[in-house]
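In what follows, a structure is listed as structure tokens, so that the remarks can point back to it.
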Amino acid sequence: MFGFNKNKRAIEGPVEFTAEVEINRPASEVFHLIDVSDPRFSQAQRGAEVKAVDGKPNHFEMTVEEFDDAVFHFEVLERVEGRRHKAECAMVPQLFALVKAVEDHIIEPMDDNKCLVKLVVSAEFDPELSDEEVANEAAVMSMAVTGDLEKLLVHAEEGLEAVKALEEEEFNVEFDLGELDIDWDEIEPEQ
């Protein structure tokens with residue numbers, strides 16, 4: 001009404017996402033899949049190159065073929081074997097709206113062969129984004145967090161080939177446009 005906070009964004013600071021999944025595997029078997037310092041780290045098993053940064057303890061760099069020259073920088077903030085792995089991650093150069101994220105995996109053993117994995121992600125988005133753009137990015141990020149836990153579940157319970165097949169399905173989405181009753185001859189391209 002009076003113009004107070006006219007330029008203030010409705011969505012400020014990090015946005016938090018939480019998801020959890022029960023995995024029918026012991027916590028000790030699941031932990032190495034989320035531990036960036038372990039050669040059995042899920043991303044490394046799926047083709048990413050992960051290496052420790054010389055002279056910087058708890059710092060790692062990851063490259064993934066699909067992202068060309070981008071490097072994911074990880075700093076492990078907390079690591080409790082079999083229980084918790086918390087790391088800050090940023091992509092350089094920044095290719096999308098995400099500036100950085102802190103991923104906190106908390107593993108609670110349920111019995112000898114089952115555990116609950118909770119993932120809390122605190123994401124910072126580009127400050128130049130509008131509230132609407134941040135809301136859209138938050139929706140995408142929410143799906144990504146859930147998807148990451150789904151992949152962790154599949155990798156832990158069914159193995160590497162099953163998670164690779166799941167990822168392959170994500171990129172092979174087919175649309176059946178035959179039932180839409182569109183007369184393609186009547187559509188004119190924009191001039």
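When a residue number appears, it is its place in the shown sequence, counting from 1.
- Taking each heavy atom of F17 and A138 in turn, the nearest pair found is CE2-O, 3.2 Å.
- In this structure the side chain of T18 never reaches within 4.5 angstrom of the side chain of E20, judged on heavy atoms.
- I106 belongs to no hydrophobic cluster with other residues, because no ILVMFWY side-chain heavy atom falls under 4.5 Å from its own, directly or through intermediates.
- H85 contributes atom NE2, which lies 9.5 Å from atom CD of E103 (distance to the nearest 0.5 angstrom).
- Applying the 4.5 Å side-chain rule to ILVMFWY residues, one finds L116 in the same cluster as M110.
- Partners of E81 according to the salt bridge (charged side-chain N to carboxylate O under 4.0 Å, His left out) rule, which considers only residues two or more places apart in sequence or in another chain, are R79.
- For the residue pair V80 and E78, the shortest heavy atom distance occurs at CG2-OE2, 4.0 Å.
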Please list every donor-acceptor pair under 3.5 Å in which a side-chain atom of residues 139-152 meets a protein atom from a residue at least two apart or in another chain.
residue: T146; atom: OG1; partner: S142; partner atom: O; Å: 3.2
residue: K151; atom: NZ; partner: E170; partner atom: OE1; Å: 3.2

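- Listed by first then second residue, pairs satisfying side-chain hydrogen bond (donor to acceptor under 3.5 Å, both in side chains) with a partner in residues 36-46 read D35-S37, D38-R40, S42-R46, S42-H155, Q45-H155, R46-E167, not counting sequence neighbours.
- Residues E29 and L33 approach most closely at O-CG, 4.0 Å, considering heavy atoms.
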Check the pair F72 / V64 against side-chain contact (heavy atoms from CB on, under 4.5 Å), numbers first and verdict last.
-> CA-CA 8 Å; F72 294 84; V64 181; 4.0 Å; yes

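- When all heavy atoms are compared, the tightest approach of V163 to V154 is N-CG1, 3.6 Å.
- Nearest heavy-atom pair across L129 and A97 is CD1-CB, 3.5 Å.
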Could you give me the CA-CA distance, side-chain angles and deciding distance for H105 and V117, then say whether side-chain contact (heavy atoms from CB on, under 4.5 Å) is met?
-> CA-CA 7 Å; H105 289 87; V117 179; 4.2 Å; yes

Using atom types as modelled, flag every donor-acceptor pair under 3.5 Å from a side chain in residues 55-62 to any protein atom, sequence neighbours excluded.
residue: H59; atom: ND1; partner: P57; partner atom: O; Å: 3.0

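- A44 meets the side chain to side chain contact (heavy atoms under 4.5 Å, CB included) test with F41, V50; sequence neighbours excluded.
- A search for side chain to side chain contact (heavy atoms under 4.5 Å, CB included) contacts involving S28 returns P26, not counting sequence neighbours.
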Test V120 against E16 for side-chain contact (heavy atoms from CB on, under 4.5 Å), laying out the working first.
-> CA-CA 7 Å; V120 179; E16 191 170 283; 3.6 Å; yes

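- With sequence neighbours excluded, no residue satisfies side-chain hydrogen bond (donor to acceptor under 3.5 Å, both in side chains) with E75.
- Tested against D104, the residues R84, K118, R83 include a single salt bridge (charged side-chain N to carboxylate O under 4.0 Å, His left out) partner, R84.
- Side-chain contact between I34 and I107 is present, with heavy atoms from C-beta onward closer than 4.5 Å.
- Residues forming a side chain to side chain contact (heavy atoms under 4.5 Å, CB included) with D111 (at least two apart in sequence, or on another chain): N113, K114.
- The side-chain heavy atoms of H73 and V53, taken from C-beta on, include no pair separated by under 4.5 Å.
- Considering only residues two or more places apart in sequence or on other chains, L153 meets the side chain to side chain contact (heavy atoms under 4.5 Å, CB included) condition with V21, I23, E157.
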Tell me, with the steps shown, if V99 and F125 meet side-chain contact (heavy atoms from CB on, under 4.5 Å).
-> CA-CA 5 Å; V99 174; F125 296 106; 5.7 Å; no

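- Listed here is the closest heavy atom pair of P93 and A70: CD-CA, 4.0 Å.
- R25 is linked by a side-chain hydrogen bond (donor to acceptor under 3.5 Å, both in side chains) to nothing, counting only residues two or more places apart in sequence or in another chain.
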